[in-house]
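In what follows, a structure is listed as structure tokens, so that the remarks can point back to it.
When a ligand or atom number is given, it counts from 1 through the structure's own listing order. In what follows, residues are counted from 1 in the order of the sequence shown.
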Amino acid sequence: MATTKKRIYLDYNATTPLFPKVATVLSQAFGSLGNASSIHKEGRSVRGAIEDARESVSKLIGVPASTIIFSSGGTEANTTVVRGLINSGAVNDIFCSAIEHPSVRDHVNPERHIPVDNRGRIDLQQLHDVLRGKKAPFLMCVMLANNETGVLQPIRDVSTLVHEFGGLVLCDCVQGPGKTDLDFTSLGADFLTFSAHKIGGPQGVGCFVMNSEADLEPLLIGGGQENKRRSGTENAPGIIGFGAAARITAETSNVEKISGLRDQLEAALLRAKSDAIIFGREVDRISNTTNVAIPGVSSERQLIKLDLAGFAVSAGSACSSGKISSSHVLLAMGVSEEIAGSAIRISIGRETSWPDLEKFVEIWATL
Ligand code: PLP
């Protein structure tokens with residue numbers, strides 16, 4: 001089998017390469033002394049850098065800086081909102097779409113998972129039928145874009161419906177920034193969550209946005225940092241790196257270029273194998289994600305062969321800690337176990353070039 005000399009990274013939904021400028025900012029931040037809670041000059045300097053970062057993240061998202069609470073990433077942000085609302089008694093029930101990331105979905109009773117259609121979009125009629133007659137207040141969680149298929153969800157419609165029934169909405173936006181030009185403020189959600197490492201920032205830092213006055217019990221109790229919503233000395237370098245990545249993402253949109261490459265890739269895949277199946281292609285998706293099955297060839301086999309040939313892709317979600325099991329997302333879309341077990345996710349980004357993708361297709365065609 002042909003191989004490439006250089007590694008070709010096609011797994012941007014798992015994590016993205018750090019922007020070189022962010023790497024410089026991080027190494028400077030690691031070299032500076034001071035706790036942001038201290039009154040002295042050193043402390044104030046770190047506090048200033050954290051607040052600058054909050055400002056940059058707020059500009060990327062389009063919300064007031066005061067509504068942003070930094071966390072250790074998307075998982076903690078989702079968990080804080082879901083558990084925090086339940087623990088405070090602000091909501092008495094939780095629902096979610098059947099395709100949420102496990103950091104949301106695993107908090108919700110499977111009976112309260114709202115189905116999606118075979119294109120991967122939440123079924124609004126079913127949502128309406130389930131919520132009708134529910135006793136508010138409750139929380140409905142729906143992600144902006146699915147990490148496995150890239151399918152965008154009709155968040156505005158979900159928010160309108162949920163608010164009509166007196167509920168609150170959490171929208172996991174982790175896969176959104178840099179991959180869609182959508183305006184996050186137009187979503188109408190009460191809580192939004194983000195993660196730095198999906199936008200060229202460091203791993204282990206993210207945030208949630210509170211557009212709601214609802215009582216949210218903090219997960220971490222202690223020094224009262226982050227407006228008493230998330231105690232613990234701030235991960236100052238991480239937050240500063242997140243701010244730098246947000247600035248670069250906001251200033252340099254590549255959405256059109258990336259979706260052009262994705263479309264070219266999908267056309268080439270279908271030319272190479274006419275029985276290949278690309279999921280969610282008929283509906284709006286973020287710009288960079290292709291989930292494709294080769295019926296009869298297991299995901300594991302594809303992954304290993306591609307890895308040996310120099311390509312990093314994933315089967316389903318990399319957040320499932322290296323284990324390959326049938327994707328709950330594809331199964332929720334009505335895809336059979338067999339076909340779901342033959343799908344891989346290709347997610348591209350800023351550094352991806354057409355020659356890289358051409359090489360990928362050449363090797364994928366031989367699987
Ligand atoms: N939500 C979605 C949609 C994700 O794709 C991920 C990670 O891939 C997360 C949440 C978790 O984010 P983090 O890795 O920052 O914990």
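- A heavy-atom separation below 4.0 Å is not found between E76 and ligand 1.
- Aromatic rings of F360 and F311 (six-membered ring for Trp) have centroids within the 6.0 Å cut-off, being under it.
- Between G74 and ligand 1, a contact under 3.5 Å exists for at least one N or O pair.
- Distances below 4.0 Å separate heavy atoms of G73 from the following atoms of ligand 1: 15 (O).
- Atoms OG1 and CZ, from T290 and R281 in turn, are 8.5 Å apart once rounded to the nearest 0.5 Å.
- Near S195, meaning under 4.0 Å from one of its heavy atoms, ligand 1 places the atoms 13 (P), 15 (O).
- Between R7 and D307 a salt bridge is recorded (basic side-chain N to carboxylate O distance below 4.0 Å).
- With rounding to the nearest 0.5 angstrom, the OG atom of S347 is 7.0 Å from the OH atom of Y9.
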Check: Checking side-chain hydrogen bond (donor to acceptor under 3.5 Å, both in side chains) for the pair Q302/S299: CA distance, chi angles, key distance, verdict?
Finding: CA-CA 5 Å; Q302 295 181 48; S299 314; 5.3 Å; no
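- Residue contacts with ligand 1: K198 is included, with a non-hydrogen atom under 4.0 Å away.
- The atoms of ligand 1 that sit less than 4.0 Å from any heavy atom of M143 are 3 (C).
- The atoms of ligand 1 that sit less than 4.0 Å from any heavy atom of H197 are 13 (P), 14 (O), 15 (O).
- Heavy atoms from both the backbone and the side chain of T75 come within less than 4.0 Å of ligand 1.
- Between S103 and ligand 1, no pair of N/O atoms sits closer than 3.5 Å.
- Between N288 and the choices T16, N13, N254, the side chain to side chain donor-acceptor pair (under 3.5 Å) rule is met once, by N13.
- The distance from atom CZ of R285 to atom CZ of R121, rounded to the nearest 0.5 Å, is 13.0 Å.
- By heavy-atom distance, the residue among V205, D172, I99, L144 lying nearest atom 2 (C) of ligand 1 is D172.
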